[in-house]
Number of protein chains: 2
Amino acid sequence: MNVPRLVDHDQRRAELGEAAIRVILREGLAGVTVRGVAAEAGWSTGSLRHYFRNQHELQAYVVQATTDTLRRRVLPRAQRPRTQGSVVEQIASIVEEMLPLDDERREEYALWSAVVEWERQHPPEGGSVAWNDQRALHRQCIAALRGYEPVREPSQAMLPHPDAQVELWAALLHTFVDGLASQIMNTPGQVSAGTAAQLLRSLLEAVPRGPLDDESGRDRP
Amino acid sequence: MNVPRLVDHDQRRAELGEAAIRVILREGLAGVTVRGVAAEAGWSTGSLRHYFRNQHELQAYVVQATTDTLRRRVLPRAQRPRTQGSVVEQIASIVEEMLPLDDERREEYALWSAVVEWERQHPPEGGSVAWNDQRALHRQCIAALRGYEPVREPSQAMLPHPDAQVELWAALLHTFVDGLASQIMNTPGQVSAGTAAQLLRSLLEAVPRGPLDDESGRDRP
DNA sequence: CTTAAACTAGCACATGCGTGTTAGTATGTG
DNA sequence: CACATACTAACACGCATGTGCTAGTTTAAG
């Protein structure tokens, strides 16, 4: 039987995905058009459409690829051990990985925004992936701030923490960080990276310490 | 001398502005196209372009009109006196006027978003009007929470408060409220109006009370 | 080498956009 | 009534988009 050239579809889609991510960084999710991505990848639209039947499929794939990329890049960075500075300083440096404070993280934030935009237009059934990931991260941070050991299995952080104060302050911090990121991007003239970092630390200082925490009075005489 | 029919340009522009606001509510600022607004108003594009030379002029006018409308609608509502409930409850009900908790305020939030989007693309020289208005509101709220009398002149609230803690917590609250609004709109499945209201109250409870406040221990036995 | 299948490149069509132009209409003064 | 002017409606052009279609090219089995 005759068999023609075979192409690894998954690999071609991945190539297209990378081109599409570059387009998102330049023009946002709305710029992810069939023509635009094909041009960015150096293909013709006809070729592209052998791997994505229409724009919707293309965007859906790109959003999925973006989510995976972000999870691989940001979450591990937030989990790398930090030994310097006070507890607040350590937690702050973790949370800052989610904030658009420099070019690299501004790019990542633009990618998160594209995911959020897509999820707003096409609500996923199991709830927002991006939101749940970020909530888990903040939950871990607040738990650490209150003296709890980090969980071993990352999947455990997806579940509510038994300490209700951890849940509450994780929500407060998560909301605050979202607002901080949004203000840095939308009104950079009013909120600089420096003020954002300061505000973050002020909020963390206000988190009530847990009964297990032995550093509550650390900086006081 | 012959004088043809005269039309009140300002009034026509205002008519167009109202149509454009309806378009923003339906499709966002990007939906404010010459054709789209003309159709919404029941005009032809040719007529519309006698009052707005191009799309930029149209959008600039609409953003200005929207800002004015919002200032007239939201700010006074936040200033109406509240006598029931604890201080936290009173402040919460003021701040909630800024949150997209019901259909009316969701509409207003969509309009604010359009203003922010415009200001991001065309940064105003004196800083973001929307941002400064909101910061002043939150400053007033925190000041009240710490026992200060409300200022007489609304323009005074645009200046920093002498109490540094007021400035700090106004910034924290402002950021938090922005995040809350963004989460309600972007991930409504995760953050409902009810949880948002609860989170707001939890944050307000955490604001340190000022030396002038005589209600600090109000709810304690 | 032949050939069937997979792939590629490009074109065509319909739609929607901003904007410029132009013919036609309404209106108030003379 | 006549007319100059403001206004209205419609069209035309160029551009970008999504999507369907088709002729040509590559590849590997027979």
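Quick note on labels: first sequence line is chain A, next is B, and so on, each numbered from 1.
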**Q** Taking only side-chain nitrogens and oxygens of A:Ser47, does any of them come within less than 4.0 Å of OP1 or OP2 of C:dA9?
**A** yes

**Q** Ignoring hydrogens and geometry, is there a side-chain-to-backbone donor-acceptor pair from A:Glu119 to B:Thr187 under 3.5 Å?
**A** no

**Q** Please tell me if A:His9 has a side-chain N or O lying less than 4.0 Å from either OP1 or OP2 of C:dA6.
**A** no

**Q** Looking at the side chain of B:Gln55, which of D:dG18, C:dT19, D:dT19 is the nearest nucleotide?
**A** C:dT19

**Q** Find the distance A:Arg12:CZ to C:dC7:C1' and express it as a whole number of Å.
**A** 9 Å

**Q** Between A:Arg35 and A:Trp43, which residue's closest nucleotide on DNA chain C lies nearer the 5′ terminus?
**A** A:Trp43

**Q** Please tell me which of A:Gly46 and A:Val32 maps to the more 5' nucleotide of DNA chain D, matching each residue to the nucleotide holding its nearest heavy atom.
**A** A:Val32

**Q** Taking the six-membered ring for Trp, are A:His9 and A:Tyr51 parallel (under 30°), tilted (30 to 60°) or perpendicular (over 60°)?
**A** perpendicular

**Q** Do B:His174 and B:Arg135 pair up side chain to side chain, a donor and an acceptor below 3.5 Å, judged on atom types alone?
**A** yes

**Q** CG of B:Asn54 versus C1' of C:dC17: gap in Å, rounded?
**A** 14 Å

**Q** Counting heavy atoms from C-beta on, name the nucleotide in C:dC17, C:dT21, D:dT17 closest to the side chain of A:Thr33.
**A** D:dT17

**Q** Taking B:Leu159's backbone N and O only, do any of them form a donor-acceptor pair with B:Arg139's side chain (distance below 3.5 Å, no angle check)?
**A** yes

**Q** Taking the side chain from B:Gln90 and the backbone from B:Gly85, do they hold a donor-acceptor pair closer than 3.5 Å?
**A** yes

**Q** Which one, D:dA9, D:dG20, D:dC7, comes nearest to the side chain of B:Ser44?
**A** D:dA9

**Q** How many whole angstroms separate atom CG of A:Leu58 from atom P of D:dT19?
**A** 10 Å

**Q** Has A:Arg49 got a side-chain N or O lying under 4.0 Å from the OP1 or OP2 atom of D:dT19?
**A** no

**Q** Is B:His56 close enough to C:dT19 that one of its side-chain N or O atoms is under 4.0 Å from OP1 or OP2 there?
**A** no

**Q** Output the rounded distance in Å from OH (B:Tyr51) to C1' (D:dA6).
**A** 8 Å

**Q** Please report, rounded to the nearest Å, how far the P atom of C:dG10 is from the CG atom of A:Leu48.
**A** 14 Å

**Q** Roughly, in whole Å, what's the span from CZ in A:Arg53 to P in D:dC21?
**A** 14 Å

**Q** Grab the CZ-C1' distance between B:Arg13 and D:dC7 for me, whole Å please.
**A** 15 Å

**Q** What is the distance, to the nearest angstrom, from the CD atom on B:Glu40 to the P atom on C:dC17?
**A** 13 Å

